[in-house]
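Below, chains carry the letters A, B, ... as their sequence lines are ordered, and counting in each starts from 1.
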Number of protein chains: 2
Amino acid sequence: MQVKIKDVAKMAGVSVTTVSRVLNGEKYVKDDLKAKVNRVIEELGYAPSQIARSLVRKKTNLIGVIVPDLTSSFYSTILSSIEERASANEYHLLVCNISEDIDKEYKYLNVFQEMRVEGIIIMHEKINEQIRAFIHKINTPVIFSSVKPMDQKFISVIVDDYAASYDATRYLIEQGHETIGFIGGDMRDVTSGQNRYSGYRNAMSDFGKKLVFEHIRFGDYKVQSGYDQMKEMLSAGSPPSAVFAVSDDMAVGAINCIRDHNLRVPEDIAIIGFDGSQLTELVRPTLTSMEQPIHQMGRVTMDVLLKLIAGDTPPDGDVVLEHRLVVRESSRSQERQADEIKGLEQE
Amino acid sequence: MQVKIKDVAKMAGVSVTTVSRVLNGEKYVKDDLKAKVNRVIEELGYAPSQIARSLVRKKTNLIGVIVPDLTSSFYSTILSSIEERASANEYHLLVCNISEDIDKEYKYLNVFQEMRVEGIIIMHEKINEQIRAFIHKINTPVIFSSVKPMDQKFISVIVDDYAASYDATRYLIEQGHETIGFIGGDMRDVTSGQNRYSGYRNAMSDFGKKLVFEHIRFGDYKVQSGYDQMKEMLSAGSPPSAVFAVSDDMAVGAINCIRDHNLRVPEDIAIIGFDGSQLTELVRPTLTSMEQPIHQMGRVTMDVLLKLIAGDTPPDGDVVLEHRLVVRESSRSQERQADEIKGLEQE
DNA sequence: CTGAAAGCGCTTACAG
DNA sequence: CTGAAAGCGCTTACAG
């Protein structure tokens, strides 16, 4: 049996009101009473029930988070930043890991509502009609992180995926590549599927490079699919001299595949990934990546959500963060490396 | 203003008791009333408050989880398995990411108590006196996953770290290695620090191999420390022919370092890691690892905790899961590979 | 500065 | 089969 405020009051010889006041640090409690109450609290190991408190205050300090895949380094890193900001603001996270299971998501959104979470963070964009309707119905603030669903009414914290993808492709073109392959994502995803594909496509056409059907493939963002799609590309003959994969994981898969075919990265085929995950520095060759500011993304997501909860005027539309190309070994051409060395020697 | 049970009752023209009965699927409600109540619930978008329900039922369906580092693939994988089992049993996770911040942990344990979580899962073993006392004081079941703190009274779900480490070392010895380096963990950690070191040490001495001071180093389980410790080992001269690192991350760091020194893995130095993380299959050469059954560990942790919550007789002591050596390229000797090929050809 | 009472939104005996 | 009432453990006007 948990000790409750009544027990504390009785033992301290005061009213529950007074104990409550001490608990909440209110003024207007005589010092000796306060001291006595605190002593009893300590002695009894009393911890006030947030459940009861939430009920009367109509405030739970809970945030619901829906993660598509906890085992992914990208999402778990965002989550860790979200958690950091949340706990710094006395908010706690209720986390749901839906692995492709859309039913689980709907179930959890209901749980979130029943738990009276004060805000909801969603990190994937495969929103069906049922879920869309649900989100519109409830009056709990909802924010999307790293993704943007079709529905314009939802607010997202994202990078400009189109521009990022365009820039990554342009970089490869500027490096002198004529044929550039593409390993895209799920075309049902607006953000990471469609937008990134459009960026690639338009950069190619703006610079007069032709699209080769066999060099354009789509995976599921994971390592294995990068490997598989690269394999298909290679087996089609006359591979491109560079490949842009829209996730670091797929890029790593592609690198592994290329090397298993006794080709070299970047000498035979240069590779760029997307995300800026921990993998980039850890694989060999190190991976060039169009990086998203992952930690910032988590922090900003939480900060904006906190504002929405507080009822502050929400940002006008989405919050778009800066993307940044970080060049590493997987795309550094030999000539360029030689140039750099020469440059150094001359100084 | 959230709609509440009273609103539903009023609109349906019944008592709140009846609505409550419909909500909880009780029998003894006439079909027409039940239908009407359900229609009103639907119409109003009513979702019962778990807060109020928890208060009267004295049951929150909440589990508190303390993770040392969410961005680590090892912990986030365990967490995802825990989440899977929890949600399958109608339990929800309150997660706290303490990154080395012991104060944050204590704070969160208090939050867990105030939230009246029904069970607590802890995934690290740096328990100080304050935390130890706290855990003993509260009557909420606590379970440790993948680690075992000094205190014998706590129950853990783990592998036999000593034996696993002994076996990994013995494997290298059986491969013909005479000098085997070791990159250990934090010696303040019983499980992953002390036990793994003892396993290595005893295997070496049991097989008459001598310990070389310069070949024994300690890191913090992360990639960078594996790199750094390997570098120290190499710069000491006369490196070992094999190195056992007690985390896959450190093993990958070690491999990268070795290759940056223009040495080959496994030809010049063989490497074994520990954990069985996603990295093992993803790096090149692929990484031999003494694997923990990560997913099973998460599932069993949750299952045992559920039993503790239900008041079933707890397992007698710790739950020890099987470790398993998975041999990959980073430790496969050339001769052996040749043998295998020959073996295949003969068939 | 202190306390009695009402109320947060539910569930659960109890009575009918 | 249905409902009025008490109670879960707190906080918060209100009165003194």
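- Note: NZ (A:K6) to P (D:dT11) measures 15 Å, nearest angstrom.
- Side chains of A:K59 and A:N61: a donor-acceptor N/O pair is present below 3.5 angstrom, by distance only.
- Closest approach to the B:T18 side chain among C:dG9, D:dT2, D:dC10 is made by D:dT2 (side chain taken as heavy atoms from C-beta onward).
- At a threshold of 4.0 angstrom between heavy atoms, the contacts of A:K58 are confined to the sugar-phosphate backbone, with no base atom among them.
- One can place CD1 of A:I5 at 11 Å from P of D:dT12, the figure rounded to the nearest angstrom.
- The closest side-chain donor-acceptor pair between A:Y106 and A:D101, if any, does not fall under 3.5 angstrom.
- Residue B:L55 comes nearest to A:A52 through the heavy atom pair CD1-CB, 3.9 Å, listed as atom of the first residue, atom of the second, then distance.
- Contact annotation: A:R57 side-chain N/O to D:dC10 OP1/OP2 distance is not under 4.0 Å.
- Per the geometry, CD belonging to A:Q2 stands 13 Å off C1' belonging to D:dC8, to the nearest Å.
- The environment of A:K104 atom NZ is dense: over 12 non-hydrogen atoms of other residues, nucleotides or ligands sit within 6.0 angstrom.
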What pattern of brackets, bars and dots sums up DNA chain C from 5' to 3', given Watson-Crick or G-U wobble pairs under 3.5 Å, [ ] for crossing pairs and | for another strand? |||.||||||||.|||

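- Here the side chain of A:L55 is nearest to one of C:dC10, C:dC8, D:dC10, namely C:dC8.
- Using a 4.0 Å heavy-atom distance criterion, A:L33 is classed as a sugar-phosphate-only contact.
- For the side-chain hydrogen bond (donor to acceptor under 3.5 Å, both in side chains) with B:Y91, the qualifying choice from B:E83, B:R85, B:E118 is B:E118, the only one to do so.
- Atom NZ of B:K153 is surrounded by 12 or fewer heavy atoms from other residues, nucleotides or ligands within 6.0 Å.
- At least one side-chain nitrogen or oxygen of B:S15 sits closer than 4.0 Å to the OP1 or OP2 atom of D:dG3.
- To the nearest angstrom, C1' of D:dG7 lies 17 Å from CZ of B:R53.
- Following rounding to the nearest Å, B:L23 (CG) and C:dC10 (P) show an atom-to-atom distance of 8 Å.
- Checking A:V29 against B:R21, the closest nucleotide of DNA chain C that is more toward the 5' end is the one next to A:V29.
- Following rounding to the nearest Å, A:K30 (NZ) and C:dT2 (C1') show an atom-to-atom distance of 9 Å.
- Between the CD atom of A:E114 and the C1' atom of C:dT11 there is a distance of 15 Å, rounded to whole Å.
- Between the side chain of B:R116 and the base of D:dG9 there is no donor-acceptor pair of N/O atoms closer than 3.5 Å.
- Under the 4.5 Å side-chain criterion, counting only non-hydrogen atoms from C-beta, B:R21 is not in contact with B:V37.
- Taking the six-membered ring for Trp and the full ring otherwise, A:F112 and B:H92 have centroids separated by 6.0 Å or more.
- Along DNA chain D, the nucleotide nearest to B:V14 and the one nearest to B:V56 differ in position, and the one closer to the 5' end is contacted by B:V14.
- Residue contacts for B:S20: at a heavy-atom cut-off of 4.0 Å it reaches a base atom on one of the strands shown.
- When the P atom of C:dT12 is taken as reference, atom CG of B:N24 falls 7 Å away, rounded to whole Å.
- Within the nucleic acid shown, A:T17 comes within 4.0 Å of at least one base atom, counting heavy atoms only.
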